[in-house]
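Report on the following structure.
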Amino acid sequence: MPFPNLHIHRSLSSLSSPFSDAFLADKALTFLKRHPYQLNSLFSNFTPEAASFLLLKSQNDQTLILNFLKWAHPHPFFTPRCKCLALHILTKFKLYKSAQSLAEDLAVRTPDPKGNFVFQCLKETYQLCASSSAVIDLVVKSYAHLKFIDKAINIVNLAKINGFMPGVLSYNAILDAVIRCKKPVRFAEEVFEEMVRNGVSPNVFTYNILIRGFCSAGNLDMGLGFFSEMERDGCLPNVVTYNTLIDAHCKLKKIDDAFKLFRAMALKGLKPNLITYNVIINGLCREGRMKETSEVLHEMSQKGFVADEVTYNTLVNGYCKDGNFHQALVLHAEMVRNGLTPNVITYTSLINSMCKAGNMNRAMEFFEQMHVRGLRPNERTYTTLVNGFCQQGLLNEAFRVLNEMVRNGFSPSLVTYNALINGHCMLGKVEEGLKMIEDMVEKGVAPDIVSYSTIISGFCRYRDLEKAFQMKQEMVEKGVKLDAVTYSSLIQGLCEQSRLAEACDLFQEMLNAGVTPDEFTYTTLIYAYCKASFLMLLLIVCLLMVSINKLGQGKQKGFCSNCFMMNLSQVMSCIIC
DNA sequence: CTAGGGTTAG
């Protein structure tokens with residue numbers, strides 16, 4: 001039989017009875033059982049109704065369903081309604097992976113502005129196969145995973161109205177998406193309150209997600225608040241909770257508190273894992289505390305943990321930042337010896353450290369080595385190089401890397417633009433920096449506080465305070481909040497022009513705006529005040545000397561008050577400049 | 001379903 005399929009095809013196309021959908025489904029089913037992978041190009045007249053028949057009829061046969069879905073997936077007859085039916089069945093089989101990818105496909109490909117239509121389909125197909133609320137959780141999770149937050153919330157609300165019970169999984173997924181999208185944390189709190197109001201008990205995942213959200217938004221206190229709330233709630237923190245909190249403390253340079261949490265874990269009977277160690281090592285490395293780093297590393301291996309890719313990348317980066325490039329290379333070699341492959345992150349670290357050392361040749365060597373090892377640079381690798389060239393004032397090279405980046409399909413990110421703005425400002429081309437801002441806006445990348453602060457500091461550096469303050473005004477109008485760096489730049493600009501009173505007013509404004517001054521702000525002001533008081537002191541000494549000299553009626557040889565004043569004014573102008 | 005590593009401004 002040279003063409004066994006042809007016969008079936010002909011017989012299916014010739015059907016025209018009122019039961020043709022059922023018949024079609026039966027035929028396809030028989031065929032599917034025998035030739036699961038050869039269904040393509042056949043059944044061109046297959047219908048959504050036939051698909052539904054088939055799904056319902058074979059809803060107890062996993063393999064059959066999966067084979068059918070594989071075939072049906074790209075075809076137009078596989079409508080949202082059919083997909084919903086399939087979701088119920090997949091969920092019943094607990095085939096959550098397949099169900100989730102189908103749900104994501106449904107979410108992406110169904111024109112459905114609010115999620116109402118998909119919910120309607122789910123509801124209608126629900127009774128057909130004795131499904132459960134688990135489907136709602138699964139669909140909500142898929143929508144949340146795609147960051148379709150509004151639709152996910154809408155589906156939860158519709159589900160509640162229609163008698164379904166969205167569970168903790170739905171809420172956790174929404175919370176996670178809210179936090180990953182960096183929505184205001186207040187939004188996350190509202191979802192949490194809504195969840196509690198609906199009688200859904202938060203679990204350890206819920207709290208972990210919330211704690212991470214608040215911590216990464218810089219609100220450690222709120223994170224700690226939820227930490228105590230969960231204990232009060234009888235929800236025991238786990239390793240993940242502690243790792244999240246330890247990491248948050250490390251990122252805020254509160255390593256001592258991080259260690260306290262680390263010890264507290266043991267008291268609660270929780271064992272640290274490799275991630276705990278990696279988090280602490282990273283915290284120490286960021287602070288350049290390399291001695292303690294190796295101590296922790298030692299403790300880690302004594303407890304039987306083996307350094308993984310992340311550990312090595314952290315260490316390579318840490319030693320690079322510490323300027324101990326030799327040790328970084330030793331670890332890089334050790335990593336390879338231990339069967340771990342240096343990845344894009346390892347190389348980006350190495351490239352970055354070469355950039356920071358101003359050795360762009362070595363940076364490019366590593367960049368080429370990546371290629372040799374079959375590693376593809378990503379957006380961050382390119383941005384690191386662009387920034388490196390910009391910092392060296394090599395704008396042409398920076399643009400060459402930028403072009404390669406675009407050619408390889410990566411769009412410049414916010415950070416890429418900021419690096420380029422900085423490159424221009426450093427060379428005094430502040431107006432060109434401003435043009436870059438226009439450029440990025442055009443490309444749909446919103447300038448952030450760093451973009452504006454860079455321009456402001458550029459204007460300050462080139463003594464154009466008026467334009468710097470214009471920019472500040474523009475930031476306020478655009479609703480971008482100023483931070484310590486922005487204020488410090490402006491204060492420094494004023495100080496450098498000896499406009500101390502204005503600098504002081506701005507400092508006051510900064511405090512009123514609730515922006516906490518940092519080390520740099522204080523150093524700038526202290527330095528300016530020292531300079532001013534030093535001058536004042538000099539002036540007093542000078543006046544004293546002059547009057548003493550006058551009293552002495554010029555009897556002392558070699559002292560001429562006029563010459564002294566001349567010299568002093570030279571010294572003063574030197575200091576001022 | 002939750003946790004870790006690489007990029008930007010003064």
Side-chain angles (χ1 to χ4, degrees), chain A residues 96 100 137-138 140-141 144-145 167-176 179 203-213 215 238-248 250-251 273-283 285-286 308-318 320-321 343-353 355-356 378-388 390-391 413-423 425-426 433 448-458 460-461 483-493 518-521 523-524:
Chain A
Y96 298 123
Q100 196 172 333
D137 284 335
L138 186 120
V140 170
K141 199 181 127 191
H145 190 232
V168 66
L169 252 76
S170 288
Y171 287 100
N172 286 355
I174 291 174
L175 277 174
D176 190 52
I179 279 155
N203 61 13
V204 66
F205 293 89
T206 321
Y207 283 110
N208 288 348
I209 293 165
L210 279 169
I211 291 172
R212 176 173 49 90
C215 288
N238 59 14
V239 196
V240 178
T241 323
Y242 276 94
N243 287 351
T244 309
L245 283 169
I246 291 173
D247 188 39
C250 284
K251 298 234 157 89
N273 59 17
L274 184 57
I275 295 183
T276 322
Y277 281 103
N278 285 345
V279 162
I280 289 184
I281 288 172
N282 188 38
C285 280
R286 278 166 165 239
D308 69 355
E309 230 166 33
V310 177
T311 323
Y312 278 109
N313 284 342
T314 309
L315 290 167
V316 166
N317 191 47
C320 279
K321 285 233 157 81
N343 60 13
V344 194
I345 297 183
T346 326
Y347 275 98
T348 307
S349 281
L350 291 167
I351 290 171
N352 187 42
S353 70
C355 290
K356 288 276 155 7
N378 61 21
E379 185 269 318
R380 281 175 72 149
T381 320
Y382 285 112
T383 298
T384 303
L385 269 174
V386 168
N387 183 52
C390 282
Q391 299 265 19
S413 68
L414 174 62
V415 180
T416 325
Y417 279 109
N418 287 347
L420 288 164
I421 293 171
N422 185 42
C425 288
M426 274 182 46
D448 71 346
I449 187 150
V450 178
S451 330
Y452 290 116
S453 297
T454 308
I455 297 280
I456 286 181
S457 82
C460 285
R461 193 177 327 177
D483 70 359
V485 178
T486 331
Y487 275 111
S488 302
S489 302
L490 287 164
I491 289 173
Q492 196 193 26
D518 63 10
E519 213 179 290
F520 193 92
T521 327
T523 322
T524 305

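Any value given below was found using the heavy atoms of this structure, including those in side chains, with hydrogens, waters and symmetry copies removed. The chains referred to below are lettered A, B, ... by the order of the sequence lines, with proteins before strands, and numbering in each begins at 1.
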Compare side-chain N and O positions of [X] against OP1 and OP2 of [N] and report whether any pair is under 4.0 Å apart.
X        : N     : result
A:Asn387 : B:dT8 : yes
A:Lys356 : B:dG6 : no
A:Gln391 : B:dA9 : yes
A:Asn208 : B:dA3 : no
A:Lys141 : B:dT2 : no
A:Arg212 : B:dT2 : no

To the nearest Å, how far apart are [X] [atom1] and [N] [atom2]?
X        : N     : atom1 : atom2 : value
A:Tyr417 : B:dT7 : OH    : C1'   : 16 Å
A:Ile456 : B:dT8 : CD1   : C1'   : 15 Å
A:Lys321 : B:dT8 : NZ    : C1'   : 12 Å
A:Tyr207 : B:dT2 : OH    : P     : 18 Å
A:Ile179 : B:dT2 : CD1   : P     : 12 Å
A:Leu169 : B:dT2 : CG    : C1'   : 11 Å
A:Leu274 : B:dA3 : CG    : P     : 16 Å
A:Leu245 : B:dA3 : CG    : C1'   : 10 Å

Return the nearest nucleotide to the side chain of [X]; candidates are [options].
X        : options              : answer
A:Val485 : B:dA3, B:dG10, B:dT7 : B:dG10
A:Asn422 : B:dA9, B:dA3, B:dG6  : B:dA9
A:Arg286 : B:dA3, B:dG6, B:dG10 : B:dG6
A:Gln492 : B:dG10, B:dA9, B:dT8 : B:dG10
A:Phe205 : B:dC1, B:dG6, B:dA3  : B:dC1

Under 3.5 Å donor-acceptor pair, [X] side-chain atoms to [N] base atoms:
X        : N      : result
A:Asp518 : B:dG10 : yes
A:Asn238 : B:dA3  : no
A:Ser488 : B:dG10 : yes
A:Thr348 : B:dG6  : yes

With a non-hydrogen cut-off below 4.0 angstrom, is [X] in contact with a base, only sugar-phosphate, or nothing?
X        : value
A:Asn273 : base
A:Val344 : base
A:Asn352 : sugar-phosphate
A:Ser349 : sugar-phosphate
A:Ser453 : base
A:Ser413 : nothing

Task: Any side-chain heavy-atom pair of A:Lys251 and A:Arg286 under 4.5 Å - done: yes
Open item on the list: Is any side-chain heavy atom of A:Thr486 closer than 4.5 Å to one of A:Asp483?
Closed with: yes
Task: Heavy-atom pair with the smallest gap, counting every atom of A:Thr383 and A:Val415 - done: CG2-CG1, 3.8 Å
TODO: Report yes or no: do A:Asn172 and A:Asn203 form a side-chain donor-acceptor pair below 3.5 Å?
DONE: yes
- [ ] Consider only side-chain N and O atoms of A:Asn208 and A:Asn238, and report whether a donor and an acceptor are under 3.5 Å apart.
- [x] yes
Open item on the list: Please enumerate all residues that pass side chain to side chain donor-acceptor pair (under 3.5 Å) together with A:Gln100, with sequence neighbours excluded.
Closed with: A:Glu104, A:Lys141
- [ ] Identify, with sequence neighbours excluded, every residue that meets side chain to side chain donor-acceptor pair (under 3.5 Å) alongside A:Asn282.
- [x] none
